[in-house]
Amino acid sequence: DAKTTQPTSMDCAEGRAANLPCNHSTISGNEYVYWYRQIHSQGPQYIIHGLKNNETNEMASLIITEDRKSSTLILPHATLRDTAVYYCIAHTPTISSNTGKLIFGQGTTLQVKP
Amino acid sequence: KAGVTQTPRYLIKTRGQQVTLSCSPISGHRSVSWYQQTPGQGLQFLFEYFSETQRNKGNFPGRFSGRQFSNSRSEMNVSTLELGDSALYLCASSLVSSGPNEQFFGPGTRLTVL
């Protein structure tokens, strides 16, 4: 799986959009971009994933650049409960191998401030 | 649907002892992965089990082992505990299919080795 690079930390004002960048310049064509977050001392929580099209769900939006070398996770209206470590992961999901092996980097610590 | 459960939630052991941790995946999920999280190394993949077979293994010594039962429940064992094994051990389950699948994490077992 490709290596990803994220800023160590970011701040965001409550109610504003939080934009978390991720660089994955060596991503291969069959690797998806996944985002997970981990609130202090809890298990990581899946947020969203995408291959090349932008994706949106009830939690967030994922914008992937056309060359797929970077992406941005957008939390449209951040709340204090969104304070967490956010992980961007490039991963190839297949039935025969690597399905369950996620490589976590250091992630971005997002601090949402009132 | 019940989430991933891990038992026990907290555990204190002494050096040289062994420990067994248990994970019950979400009903219908056949893949179970284990991760170790420490402040220094972050989240690291230990191993993955699918249909009672280990199909992925991280870079950990042989003291770390696991197994999966026919009902998909999984256990991991650490023998001859060392101080450095103190960590949060996380289990994740996923539904294996032809497309990308998210992993659902349990709350973790906090192991302290004295």
Side-chain angles (χ1 to χ4, degrees), chain A residues 1 3-6 8-9 27-53 55 57-60 62 64 68 71 73 84-109, chain B residues 3-6 9-10 21 23 25-26 29-51 53-60 66 68 72 74 76 87-110:
Chain A
D1 295 341
K3 179 179 167 57
T4 61
T5 305
Q6 300 176 250
T8 302
S9 63
I27 196 169
S28 63
N30 58 351
E31 284 186 297
Y32 283 71
V33 178
Y34 287 76
W35 284 83
Y36 285 78
R37 72 180 182 184
Q38 187 175 25
I39 296 170
H40 184 61
S41 294
Q42 297 181 21
Q45 175 191 26
Y46 164 82
I47 300 173
I48 198 167
H49 71 269
L51 184 61
K52 49 187 174 183
N53 298 320
E55 302 288 345
N57 63 20
E58 64 279 2
M59 288 183 68
L62 175 60
I64 303 174
R68 301 212 324 122
S71 60
L73 178 75
V85 179
Y86 287 77
Y87 297 99
C88 168
I89 301 167
H91 177 61
T92 304
T94 62
I95 294 177
S96 61
S97 65
N98 294 328
T99 298
K101 182 179 179 180
L102 296 179
I103 306 299
F104 287 84
Q106 294 305 308
T108 295
T109 299
Chain B
V4 177
T5 58
Q6 292 187 245
R9 292 292 312 280
Y10 301 91
L21 311 181
C23 171
I26 291 172
H29 286 192
R30 294 164 59 197
S31 169
V32 174
S33 297
W34 289 88
Y35 296 82
Q36 180 197 64
Q37 186 171 29
T38 60
Q41 299 298 318
L43 263 163
Q44 293 185 288
F45 172 79
L46 276 159
F47 30 64
E48 180 203 4
Y49 285 87
F50 174 67
S51 292
T53 301
Q54 184 184 93
R55 64 175 185 176
N56 275 301
K57 190 177 191 304
N59 189 25
F60 279 84
Q68 186 180 35
S72 294
S74 177
M76 68 162 283
L88 180 66
Y89 289 88
L90 292 156
C91 159
S93 73
S94 64
L95 181 66
V96 178
S97 67
S98 59
N101 298 293
E102 61 263 38
Q103 290 193 23
F104 295 83
F105 284 80
T109 294
R110 174 77 61 184

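- Looking at every heavy atom in both residues, B/E48 comes nearest to A/K101 through OE1-N, 4.5 Å.
- Atom CD of B/E102 sits about 12.0 Å away from atom CD1 of A/I47, to the nearest 0.5 Å.
- For B/Y35 against A/L102, the heavy-atom pair with the smallest separation is OH-N, 3.1 Å.
- Other residues, nucleotides and ligands contribute more than 12 heavy atoms inside 6.0 Å of the NZ atom of B/K57.
- No side-chain heavy atom of A/Q42 sits less than 4.5 Å from a side-chain heavy atom of B/F105.
- At least one side-chain heavy atom of A/Q38 sits less than 4.5 Å from a side-chain heavy atom of B/L90.
- Looking at B/Q41, the atoms closer than 4.5 Å to chain A (heavy atoms on both sides) all sit in the backbone: N, CA, C or O.
- Under the rule for a ring-ring contact (aromatic ring centres under 6.0 Å, His included), B/Y89 has no partner lying at least two apart in sequence or in another chain.
- Considering only residues two or more places apart in sequence or on other chains, A/Q45 meets the side chain to side chain donor-acceptor pair (under 3.5 Å) condition with A/R37.
- Side-chain atoms of B/Q103 and A/P44, non-hydrogen and from C-beta on, never get closer than 4.5 Å to each other.
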